[in-house]
Amino acid sequence: MMNINVQDTLRQYRRMLELPRNQRKAYYADEILKPFQPMFDIMQMPVDPDMLGLLPVSTDMDEKCAAMLNALESADAWRQAHAAIQGAGARFAAEGIPLPDDVVVGIFLGNPERLAASQGYTGAGSIPGYIQIVIAPNAYNLPRLQACIAHEFHHNVLFHNADWDFMRDVTVGRYIAIEGLAESFAGSLYGTDCIGPWVTGIGNDDLEKARRIIGKSLSVKGFMAVRPYIFGDHPMMPQEQSIGMPYCGGYAVGYHAVQAYLNKTGASVEFATLLDGDVIMEESGYFEIV
């Protein structure tokens with residue numbers, strides 16, 4: 001049975017706000033982020049709150065931080081997180097798909113300015129056993145919190161069962177399949193109204209532009225080469241690496257391509273999770289005219 005450990009970041013943040021300002025940064029790293037240190041080590045990623053899009057902890061943010069915590073508490077976000085993982089896990093277990101033994105879930109306060117392009121929320125779940133949700137709670141993203149968590153949990157399950165090296169072996173086709181499957185899974189659980197802005201935020205013209213760019217580049221390989229096709233003109237992407245891809249174009253194209261595959265084949269999104277993403281893209285028919 002999968003063990004679900006939702007960190008009590010509500011209590012931790014409130015404890016942090018009681019500390020003198022000069023002690024908060026150390027508490028943040030040593031207590032709030034500590035359970036995720038193995039994830040940071042695997043990703044070779046510095047524990048930098050700004051890079052993670054987190055709300056600054058050493059500036060005059062006490063009132064904003066407290067208001068965000070109150071909004072998340074009112075939405076029962078921590079119970080929602082547990083229920084989302086439990087429900088998503090049951091869907092995979094019913095299909096006999098192996099799950100991680102343990103999943104640590106953290107809900108972190110996000111910097112609204114850094115997260116503006118994604119409606120104030122984002123997540124990370126590509127390392128099995130760890131899910132981070134970064135959120136500046138608002139009327140748009142709170143109803144979509146569980147769908148975001150389900151998206152990230154799908155990444156956990158996919159990579160728990162993958163037998164290839166992501167950094168070396170990922171192609172454009174595989175990467176957009178990963179994101180398209182995750183969003184399709186979330187949508188199957190919570191409805192298409194909860195599909196994230198990384199899919200719904202792209203207009204028809206930009207979606208077609210992204211489809212054509214990606215359709216000619218599905219076999220591009222290696223994480224650093226693939227990134228521009230996924231994130232597009234994203235704040236995290238250096239401007240000199242721009243290929244003219246609309247913001248998060250790979251996410252949107254991936255979702256629509258996976259939907260085309262599921263509709264064409266009749267496969268469930270759970271079954272498709274174990275397939276090679278390159279095969280899904282090839283058989284989807286979504287790129288037949290590029």
Side-chain angles (χ1 to χ4, degrees), residues 53 110-124 126 134-136 138-141 143-144 147-148 151-152 154-155 170-188 190-264 269 277-278 280-290:
N111 184 334
E113 294 179 2
R114 291 292 305 273
L115 298 174
S118 60
Q119 298 289 344
Y121 71 132
T122 188
S126 60
V134 181
I135 183 169
N138 58 46
Y140 178 90
N141 59 42
R144 294 167 172 80
C148 183
H151 175 118
E152 300 306 335
H154 186 278
H155 289 339
V170 71
T171 61
V172 170
R174 277 179 165 174
Y175 205 141
I176 66 172
I178 289 166
E179 297 300 344
L181 286 164
E183 202 63 26
S184 294
F185 179 67
S188 73
Y190 296 102
T192 55
D193 287 348
C194 287
I195 296 297
W198 34 87
V199 171
T200 61
I202 187 169
N204 290 336
D205 290 345
D206 277 344
L207 178 61
E208 177 60 16
K209 179 181 180 181
R211 186 187 73 87
R212 289 181 178 275
I213 292 172
I214 288 174
K216 297 174 182 177
S217 309
L218 289 167
S219 61
V220 171
K221 189 174 183 179
F223 177 69
M224 296 307 291
V226 164
R227 285 197 316 163
Y229 295 92
I230 310 305
F231 301 106
D233 292 332
H234 190 287
M236 70 174 282
M237 292 296 298
Q239 195 169 11
E240 61 271 17
Q241 293 184 18
S242 175
I243 58 171
M245 175 66 66
Y247 170 75
C248 283
Y251 285 79
V253 169
Y255 172 76
H256 290 289
V258 166
Q259 286 294 302
Y261 174 82
L262 297 177
N263 291 333
K264 181 179 179 180
V269 66
D278 285 331
I280 293 174
M281 293 302 106
E282 181 181 349
E283 295 184 359
S284 70
Y286 187 70
F287 303 100
E288 287 181 359
I289 302 174
V290 297

Partners passing side-chain contact (heavy atoms from CB on, under 4.5 Å) against Leu115 (at least two apart in sequence or in another chain): Ser118, Thr122, Val134
Listed once per pair and sorted, the side-chain hydrogen bond (donor to acceptor under 3.5 Å, both in side chains) pairs that draw on residues 190-203, sequence neighbours left out: Glu183-Trp198
Ser284 and Lys264, any side-chain heavy atoms less than 4.5 Å apart: no
What side-chain donor-acceptor pairs closer than 3.5 Å can you find for residues 173-180, not counting sequence neighbours?
| unit_1 | atom_1 | unit_2 | atom_2 | d |
| --- | --- | --- | --- | --- |
| Arg174 | NE | Asp276 | OD1 | 3.3 |
| Arg174 | NH1 | Asp169 | O | 3.2 |
| Arg174 | NH2 | Asp276 | OD2 | 2.9 |
| Glu179 | OE1 | His151 | NE2 | 3.0 |
| Glu179 | OE1 | His155 | NE2 | 3.2 |

OG-NE2 distance between Ser188 and His154, expressed to the nearest 0.5 angstrom: 8.5 Å
Residue pair Met281, Asp278: steps toward the side chain to side chain contact (heavy atoms under 4.5 Å, CB included) verdict: CA-CA 5 Å; Met281 293 302 106; Asp278 285 331; 5.7 Å; no
Nearest-0.5 Å distance that lies between atom CG in Leu218 and atom OH in Tyr229: 10.0 Å
Side-chain heavy atoms of Phe287 within contact of Val253, under 4.5 Å: yes
Ser184 (side chain) donor-acceptor with Leu181 (main chain) under 3.5 angstrom: no
Side-chain heavy atoms of Glu283 within contact of Tyr261, under 4.5 Å: yes
Minimum-distance pair of heavy atoms, taken over all atoms of Met245 and Ala210: SD-CB, 3.5 Å
Residues, nucleotides or ligands: over 12 heavy atoms within 6.0 Å of Glu282 CD: no
Reported CD1-to-NZ distance for the pair Ile214 and Lys209, which is rounded to 0.5 angstrom: 12.0 Å
Asn141 side-chain N/O to Arg144 backbone N/O, donor-acceptor pair under 3.5 Å: no
